[in-house]
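Remarks on the structure that follows.
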Number of protein chains: 2
Amino acid sequence: MTDTARGNSRRYGTRPTMKDVAARAGVGLKTVSRVVNGEPGVTPDTERRVQEAITALGFRRNDSARTLRKGRTASIGLVLEDLADPFYGPLSRAVEEVARSHGALLINGSSAEDPAREQELALALCARRVDGLVVIPAGDDHRYLEPEIAAGIATVFVDRPPGRIDADVVLSDNFGGAQDAVAHLIANGHRRIGFIGDQPRIHTARERLRGYRTAMAAAGLSVADAWVSLGTTEPERVRAAAAAMLDAPEPVTALFAGNNRVTVTVVRVLGEHPRPVALVGFDDFELADLVRPAITVVAQDAARLGRTAAGLLFRRLEGTDEAPRRVEIPTRLIARGSGEIRG
Amino acid sequence: MTDTARGNSRRYGTRPTMKDVAARAGVGLKTVSRVVNGEPGVTPDTERRVQEAITALGFRRNDSARTLRKGRTASIGLVLEDLADPFYGPLSRAVEEVARSHGALLINGSSAEDPAREQELALALCARRVDGLVVIPAGDDHRYLEPEIAAGIATVFVDRPPGRIDADVVLSDNFGGAQDAVAHLIANGHRRIGFIGDQPRIHTARERLRGYRTAMAAAGLSVADAWVSLGTTEPERVRAAAAAMLDAPEPVTALFAGNNRVTVTVVRVLGEHPRPVALVGFDDFELADLVRPAITVVAQDAARLGRTAAGLLFRRLEGTDEAPRRVEIPTRLIARGSGEIRG
DNA sequence: TAGCCTCTAGACAACGTTGTCAACTGCGGG
DNA sequence: CCCGCAGTTGACAACGTTGTCTAGAGGCTA
């Protein structure tokens, strides 16, 4: 009995087609197609014979052929920076949920923060004729997508705006969130506040810096050059930057960390530092409440970013031709202790 | 100039084909195909004319048609439990890297730990004619994949073994890792050690339980029924289980947590608990070293699981017909403090 | 110069599916 | 008894690409 699959082996790697099913069931090709797709106009008896042939042969519809014929793939692509980054997991998951609710499959890939790879990946997805594309940009020139968009591939950008083309985009309120974070530290008595951020070529990094400067200015505080550090988020650089700010003759009494990777490194540095230093981080992270002191953060709603973007995408797919929209998702300050250390 | 893309607009949603390119370049269809695929036998002059037509029209090869014709898609599918779970991020990323190095695209989807959805997803990927499939099983009966495997779709299981079929599988040494964890607690003087694990229908949960029991028995310790809790990993259940063990007349002095979600909840519970209690968790997690005390864990190498599985998959795709293999990846005990609290 | 070989190029079928349309059945009404 | 109609069913073309095969141009050798 176990050899039913092995025993009568068809040529390995060969799949039955609708033609084979039709032959076995003694019906026409189109009738099989109707049964497979649940179309009406087939008698129960015929349907049963076809179904039997399908299971007997282990038939499965070839969606490549179907796509070729129909022009739609019922799948969308997601290009993100790094699947292993905890921030993108929920975002990806949210997009997948929306896609699923529309009967579409999600295909995703990582750009590893490399513009060339982002382009390669996005165009590979277009070649597979995904119906739409959700992109978290790594590069800042997306004109390469113009022919694709013109050809009808709906495209939505998330987390960062597209470069040199006009398209739907969903962003967090990076500017406002950063302002809130810094204002919170100022309200707790701090005057010398450092900012450690990501590379300025990244839009979110620039916006958060702008929020920091704006909040400081609004409180009448000037910002020393030595209080701002922008660059890669590698632990060594961040450590060095934090150490420099903390060990200066007039050290900062509070730090604002520009993203979750920076925050984590800063927490490690502060753990080794003698004086208590206040800290607010941009981005929440899972165990922020378990550390002592628990970490105050400005939380983004990654799932909502993803849901919103996917929602816009499917609006486009359903045929809207409104002008591209820009949606901003609010952030939320979560006070847990580290940001309430008095200055 | 900016209206080149908008102005001469073809019918919206229509894409140029090789035929269009051929007509515009004044060459034959097959010549375009040769240029697009970098095949030899085209003079530089002809090639240039074709390239111009391609960029002028914004042509992109239709991979559905290509797949239909060639029979291979150069893509593999990954079915996992939940992309948002930090354990699967690195695994997925590792699979993607290997796929990329073989020129293949990765398509992935989440089963949400639901066997029906796992099947639906896996078969959808098969319908799209992925060349191979990496599956993290949610269900325990994978006979539905038999026709697919017979038809030549290479299939590898990771993290948990397949049910009722024979196929390649890559697993962590859950049994050995659990033994190590419990032996470590025993070596630190504990005699009453509790285990809070996942649902026993999950293979890894059973193996870890078996490791726990084996290690206890090896030390001549008996296990009270009240020390073992198996079920969902929802925080409330875990909290209740932990509380019951800690508040019993003869409370446990150490806990072994069956996976990262359980560990995190237990850490929260212990933070509110008066007496110090030792803890070792299965699975590492990002900030385990930042909590006080830092959490001792048995770490799995998720990236290596993914790399190994993808490696096996591509071996199959290159045509091996060895018997299915079972590969076990060792775990590593990382002592950070919480497991070294003396009993 | 005939004969052969190489190089470039295109015509054509095929991949497996779905949309269109026509053919056939059986039935009820005139 | 004939007509029309609804309900089933299948033949056939088309989707856009690639593999195969053949034609023609041009160069080389004997």
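First the proteins, then the strands, lettered A, B, ... as listed; each starts at 1. All heavy atoms count here, side chains included; hydrogens, waters and symmetry mates do not. Since the model is a prediction, treat every value here as computed from it, not as a measurement.
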TODO: Would you tell me if any nitrogen or oxygen in the side chain of Thr43(A) comes within less than 4.0 Å of OP1 or OP2 on dG7(D)?
DONE: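 The answer is no; no side-chain N or O of Thr43(A) sits under 4.0 Å from OP1 or OP2.
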
Open item on the list: When you measure from the side-chain N and O atoms of Thr31(A) to the phosphate of dT9(D), is any distance below 4.0 Å, counting only OP1 and OP2?
Closed with: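 No, outside the criterion.
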
Open item on the list: With salt bridge (charged side-chain N to carboxylate O under 4.0 Å, His left out) as the rule and sequence neighbours excluded, what pairs involving residues 20-31 of chain A come up?
Closed with: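 Every pair satisfying salt bridge (charged side-chain N to carboxylate O under 4.0 Å, His left out) with a residue in residues 20-31 of chain A: there are none.
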
- [ ] Kindly give the heavy-atom pair with the smallest separation between Ala167(B) and Pro324(B), and that separation in Å.
- [x]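 Scanning both residues, the minimum pair turns out to be C-CB, 3.5 Å.
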
Would you please name every residue forming a side-chain contact (heavy atoms from CB on, under 4.5 Å) with [X], sequence neighbours left out?
X: Arg69(A); answer: none
X: Arg143(A); answer: Asp141(A), Glu146(A), Arg164(A), Ile165(A)
X: Ser64(B); answer: Thr67(A), Asn62(B)

Open item on the list: Under 4.0 Å, heavy atoms only, any strand: does Thr46(A) hit a base, just the sugar-phosphate, or nothing?
Closed with: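 Contact class for Thr46(A): sugar-phosphate only.
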
In a table with atom names and distances, give each donor-acceptor pair under 3.5 Å that connects a side chain of residues 52-60 of chain B to protein atoms at least two apart or in another chain.
| residue | atom | partner | partner atom | Å |
| --- | --- | --- | --- | --- |
| Glu52(B) | OE2 | Arg48(B) | NH1 | 3.0 |
| Thr55(B) | OG1 | Gln51(B) | O | 3.2 |
| Thr55(B) | OG1 | Glu52(B) | O | 3.1 |
| Arg60(B) | NE | Glu148(A) | OE2 | 2.7 |
| Arg60(B) | NH2 | Glu148(A) | OE2 | 3.1 |

- [ ] Rounding to 10 degrees, work out the angle separating the end axes of the helix from dT1(C)-dA30(D) to dG30(C)-dC1(D) (five pairs an end).
- [x]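 Rounded value for the end-axis angle: 60°.
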
Please list, one pair per line, the donor and acceptor atoms closer than 3.5 Å that link side chains of residues 33-40 of chain A to other protein atoms, with sequence neighbours excluded.
| residue | atom | partner | partner atom | Å |
| --- | --- | --- | --- | --- |
| Asn37(A) | OD1 | Arg61(A) | NH1 | 2.6 |
| Asn37(A) | OD1 | Arg66(A) | NH2 | 3.1 |
| Asn37(A) | ND2 | Ser33(A) | O | 2.8 |

TODO: Heavy atoms under 4.0 Å is the rule here; annotate nucleotides 13-21 of chain D 5' to 3' with B where the base is hit, S where only the sugar-phosphate is, and - elsewhere.
DONE: BBBBBBBB-

Which side-chain N or O atoms in residues 88-99 of chain A pair as donor and acceptor under 3.5 Å with protein atoms at least two apart or in another chain?
| residue | atom | partner | partner atom | Å |
| --- | --- | --- | --- | --- |
| Tyr88(A) | OH | Glu81(A) | OE1 | 3.4 |
| Tyr88(A) | OH | Asp159(A) | OD2 | 3.4 |
| Ser92(A) | OG | Asn108(A) | ND2 | 3.4 |
| Arg93(A) | NE | Glu97(A) | OE2 | 3.4 |
| Arg93(A) | NH1 | Asp82(B) | OD1 | 2.4 |
| Arg93(A) | NH1 | Asp82(B) | OD2 | 3.1 |
| Glu96(A) | OE1 | Ser110(B) | OG | 3.0 |
| Glu96(A) | OE2 | Ser110(B) | N | 2.7 |
| Glu97(A) | OE2 | Arg117(B) | NH2 | 3.4 |

